[in-house]
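Notes follow once the structure below has been shown.
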Amino acid sequence: MRLNKLTRILRHPLFIPILLVVLLSIPHPFQKYFEVDEGVYAAVADSMVEGNLLYKNIWDHKPPLVYVIYSVVGLLGPINGMFVLRILTILLKILTVFIFYKVLKKINVKGKFLLFLLSIFSLLVTLPIFEGNLINIEIFFLPVIAYFILRILNQKGSFLDGFLLFIAFCLKFQAFAEILFIIFAVIIWEIVIERKIDLKKYFKTFIGFALPTAILTTIFLATGILTEAFNALIIANFNYVDQTSYFVSLFGVDIPRKFLILFFFILALAITYLKFFSTKNKSTSAFQNFLIVNIILFEIFIVLYPQRTYPHYLIQLLPGFVLSIYLIYKLVKKSRNSIERNFKLLLYAFSIFIVLFVFTERESVLGKSLSMALSPYFYYSSFFQDPNTIQSLYFQNDNLAQNVAGYISANYSDYKNAYLYTSNTWIFTLSNLKYINKYFFYTQMYFSDEMFLEEKQNMLSADVIFLQTDLPIKPSLESEIYNKFIEVEEYKGFKILIKR
């Protein structure tokens with residue numbers, strides 16, 4: 001009896017995918033501190049635990065739930081806190097795999113193909129190819145999106161849908177936008193194909209979103225940070241996207257690449273809607289295919305539009321990517337001959353290449369893709385400390401953030417107000433000084449003239465300044481610093497200056 005039960009467990013489509021997540025995640029809790037985003041989130045959360053107000057005394061343009069999650073670092077310390085968070089992300093990946101298993105079962109994926117799709121999903125969400133080893137926001141919002149897709153496929157609509165939209169809003173704008181777009185696509189389907197719309201269902205969704213949003217707004221009002229929160233979450237986020245702009249030369253005219261991405265997204269949507277709406281097929285299968293195509297197109301758009309080549313952005317593509325394999329599998333099976341089948345496969349492969357090319361173009365598609373593909377080799381070889389391999393920064397003993405943090409903590413902890421001008425954001429959390437930074441990553445102070453002037457005052461009011469020497473700094477600011485401060489030493493790429 002026990003043997004039969006064990007056999008059923010081993011043969012279950014979830015067993016191998018979950019085992020892959022667990023085994024490949026073993027090194028994750030033991031990484032050193034190096035990743036910039038993790039450092040910013042930890043520094044902001046640590047400062048919040050000390051009583052500083054988010055968006056007012058300390059600043060980042062991410063939604064508040066990120067820092068609530070990272071407050072574990074402030075409460076437990078960087079070592080224990082990051083260990084807990086990394087264990088949490090492993091559990092979230094397992095949860096996401098389970099939810100996606102339900103999604104694939106709902107669209108009638110079975111047998112070995114189900115196992116194959118789940119295994120691909122597990123590998124890509126866990127391996128460092130897409131920085132799945134890091135505690136990035138994408139790991140937290142992926143199960144939210146997956147569960148929302150499952151609810152749509154189950155044709156459920158309630159207050160919970162609105163609450164999921166709220167959670168996505170509190171994690172990252174891209175997640176919020178995807179769920180909102182899925183709702184839009186379903187409404188369009190209901191209006192055009194089903195010729196009816198359940199207003200009661202969408203009213204519940206609206207209430208499920210509006211009530212917690214009202215509570216959050218009230219908290220912002222009560223703490224006096226509503227304006228600052230709006231500027232950070234809305235204005236700064238859009239400005240952040242607009243910071244990166246590349247052009248494509250067409251017929252001698254330079255066209256912003258964002259316009260082309262938006263144009264092709266709208267064109268692809270128009271073709272999709274014409275295709276599905278012209279047939280007026282009301283079947284469940286037709287709706288599922290319509291929903292899947294919308295998810296694929298929007299995820300490609302939302303990942304490509306910012307024009308930033310951070311690998312963890314690609315994590316948002318995983319639901320659409322795995323569902324695209326399901327769609328191409330169905331299309332290939334319907335091929336009338338080998339020529340048609342090979343053409344479809346070639347077109348699919350070309351589509352993947354185009355997405356990667358647009359995503360990685362500014363650093364070259366070959367170089368960036370190769371570095372992502374090789375990252376698991378460097379990552380795991382570093383964990384096992386193989387002397388014959390190239391050591392990456394993941395597990396090396398000589399960690400710059402820890403060294404600098406330890407040195408300035410040992411020698412400058414008597415100074416009441418410290419300012420750190422750096423891109424190595426983990427130094428904030430790993431050291432025990434009191435920093436008066438509002439912006440933890442150095443480029444943030446240059447987002448606007450107002451932000452620069454505000455942060456300049458913070459910097460000049462410090463008792464000690466730590467300047468990372470390889471970072472650009474405004475000449476006028478550097479001149480003012482040296483007028484009021486004197487350089488006493490340099491340590492591992494940081495100039496240390498104390499007030500005259």
Side-chain angles (χ1 to χ4, degrees), residues 6 9-39 41-42 69-70 72-73 76-101 115-143 146 310-316 318-319 321-322 371-402 426 429-430:
L6 178 62
I9 292 173
L10 294 176
R11 289 180 176 176
H12 196 282
L14 278 171
F15 177 75
I16 291 178
I18 290 178
L19 184 65
L20 285 172
V21 172
V22 173
L23 291 179
L24 293 171
S25 296
I26 288 173
H28 295 184
F30 308 105
Q31 291 177 191
K32 291 292 184 182
Y33 312 99
F34 67 92
E35 210 279 325
V36 172
D37 286 348
E38 287 182 343
Y41 305 150
I69 294 168
Y70 264 85
V72 174
V73 176
L76 301 180
I79 297 175
N80 295 331
M82 289 302 290
F83 184 85
V84 168
L85 285 180
R86 284 168 177 158
I87 294 296
L88 176 61
T89 58
I90 296 170
L91 296 176
L92 283 173
K93 290 169 196 172
I94 293 173
L95 174 63
T96 308
V97 170
F98 175 76
I99 296 171
F100 211 70
Y101 161 75
L115 173 62
F116 172 71
L117 292 181
L118 285 174
S119 298
I120 289 178
F121 188 88
S122 296
L123 287 170
L124 292 179
V125 81
T126 307
L127 290 173
I129 293 173
F130 296 159
E131 298 180 335
N133 55 304
L134 304 177
I135 309 172
N136 277 310
I137 307 169
E138 285 76 8
I139 299 298
F140 291 94
F141 73 60
L142 204 56
Y310 307 136
H312 60 264
Y313 274 29
L314 293 171
I315 289 177
Q316 189 167 358
L318 293 185
F321 174 65
V322 173
S371 67
M372 288 165 61
L374 289 175
S375 60
Y377 169 75
F378 295 134
Y379 181 78
Y380 291 104
S381 65
S382 180
F383 177 67
F384 290 107
Q385 298 295 308
D386 184 349
N388 298 317
T389 61
I390 300 172
Q391 296 298 299
S392 72
L393 53 80
Y394 294 110
F395 305 100
Q396 62 188 10
N397 294 323
D398 185 24
N399 186 271
L400 178 63
Q402 285 182 310
W426 267 112
T429 306
L430 295 173

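- At most 12 heavy atoms of other shown residues, nucleotides or ligands fall within 6.0 angstrom of atom CD1 in Ile79.
- Under the 3.5 Å distance criterion, the side-chain polar atoms of Lys93 are matched with a main-chain donor or acceptor of Gly132.
- Nearest heavy-atom pair, Gly81 versus Leu76, reported as atom, atom and distance to 0.1 Å: N-CB, 3.9 Å.
- Using a distance-only test at 3.5 Å, with no hydrogens or angles considered, no donor-acceptor pair links the side chain of Thr126 to the main chain of Leu123.
- Residues meeting the ring-ring contact (aromatic ring centres under 6.0 Å, His included) test with Phe121, sequence neighbours left out: Phe100.
- A heavy-atom distance below 4.5 Å is not found between the side chains of Ser122 and Leu19.
- Taking 4.5 Å as the limit, every side-chain heavy atom of Pro143 sits out of range of all side-chain heavy atoms of Phe98.
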TODO: I would like to know whether Ile120 and Leu124 meet side-chain contact (heavy atoms from CB on, under 4.5 Å); could you show each step before the answer?
DONE: CA-CA 6 Å; Ile120 289 178; Leu124 292 179; 3.9 Å; yes
- [ ] Please step through side-chain contact (heavy atoms from CB on, under 4.5 Å) for the pair Ser119 and Leu20, ending with a clear verdict.
- [x] CA-CA 8 Å; Ser119 298; Leu20 285 172; 4.0 Å; yes
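- Under the 3.5 Å distance criterion, the side-chain polar atoms of Glu38 are matched with a main-chain donor or acceptor of Ile135.
- Judged as a ring-ring contact (aromatic ring centres under 6.0 Å, His included), and not counting sequence neighbours, the contacts of Tyr41 are Tyr70.
- You'll find the side chain of Asp37 stays beyond 4.5 Å of the side chain of Leu134, heavy atoms only.
- Pairs passing the salt bridge (Lys or Arg N to Asp or Glu O under 4.0 Å) check and including a residue from residues 117-137, sequence neighbours excluded, do not occur.
- The distance from atom CG of Leu92 to atom CD1 of Ile87, rounded to the nearest 0.5 Å, is 11.5 Å.
- The line from CE of Met82 to OG1 of Thr429 is 9.0 Å long, rounded to the nearest 0.5 Å.
- Remark: Tyr33 engages Trp426 in a ring-ring contact (aromatic ring centres under 6.0 Å, His included) (not counting sequence neighbours).
- Side-chain contact between Phe130 and Val125: absent, with no pair of heavy atoms (C-beta onward) separated by less than 4.5 Å.
- Residues meeting the side-chain contact (heavy atoms from CB on, under 4.5 Å) test with Ser371, sequence neighbours left out: Lys368.
- The aromatic rings of His312 and Tyr310 sit parallel, their planes meeting at an angle under 30°, below the 60° perpendicular limit.
- Here the closest non-hydrogen pair linking Leu118 and Pro13 is CD1-O, 3.8 Å.
- Under the 4.5 Å side-chain criterion, counting only non-hydrogen atoms from C-beta, Asn133 is not in contact with Pro27.
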Open item on the list: Evaluate Val73 against Leu85 for side-chain contact (heavy atoms from CB on, under 4.5 Å), listing each step before the verdict.
Closed with: CA-CA 8 Å; Val73 176; Leu85 285 180; 3.9 Å; yes
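- In this structure, Ile16 CD1 and Leu23 CG are separated by 11.0 Å, a value rounded to the nearest 0.5 Å.
- Every ring-ring contact (aromatic ring centres under 6.0 Å, His included) that Tyr101 has, sequence neighbours left out, goes to His12.
- Of the possible polar contacts, none joining the Asn136 side chain to the Glu138 backbone as a donor-acceptor pair under 3.5 Å is found.
- For the pair His28/Tyr379, a side-chain contact is recorded, criterion being any heavy-atom separation below 4.5 Å from C-beta on.
- Between the Arg86 side chain and the Gln31 main chain, a donor and an acceptor come within less than 3.5 Å of each other.
- Side-chain contact check for Ile129 versus Pro311: every heavy-atom pair is 4.5 Å or farther apart.
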Open item on the list: Would Leu127 and Tyr380 count as a side-chain contact (heavy atoms from CB on, under 4.5 Å) here? Give the steps.
Closed with: CA-CA 10 Å; Leu127 290 173; Tyr380 291 104; 3.7 Å; yes
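- At least one side-chain heavy atom of Leu142 sits under 4.5 Å from a side-chain heavy atom of Pro319.
- Residue Ile94 forms a side-chain contact (heavy atoms from CB on, under 4.5 Å) with just one option from Ile99, Val22, Thr89, and that option is Val22.
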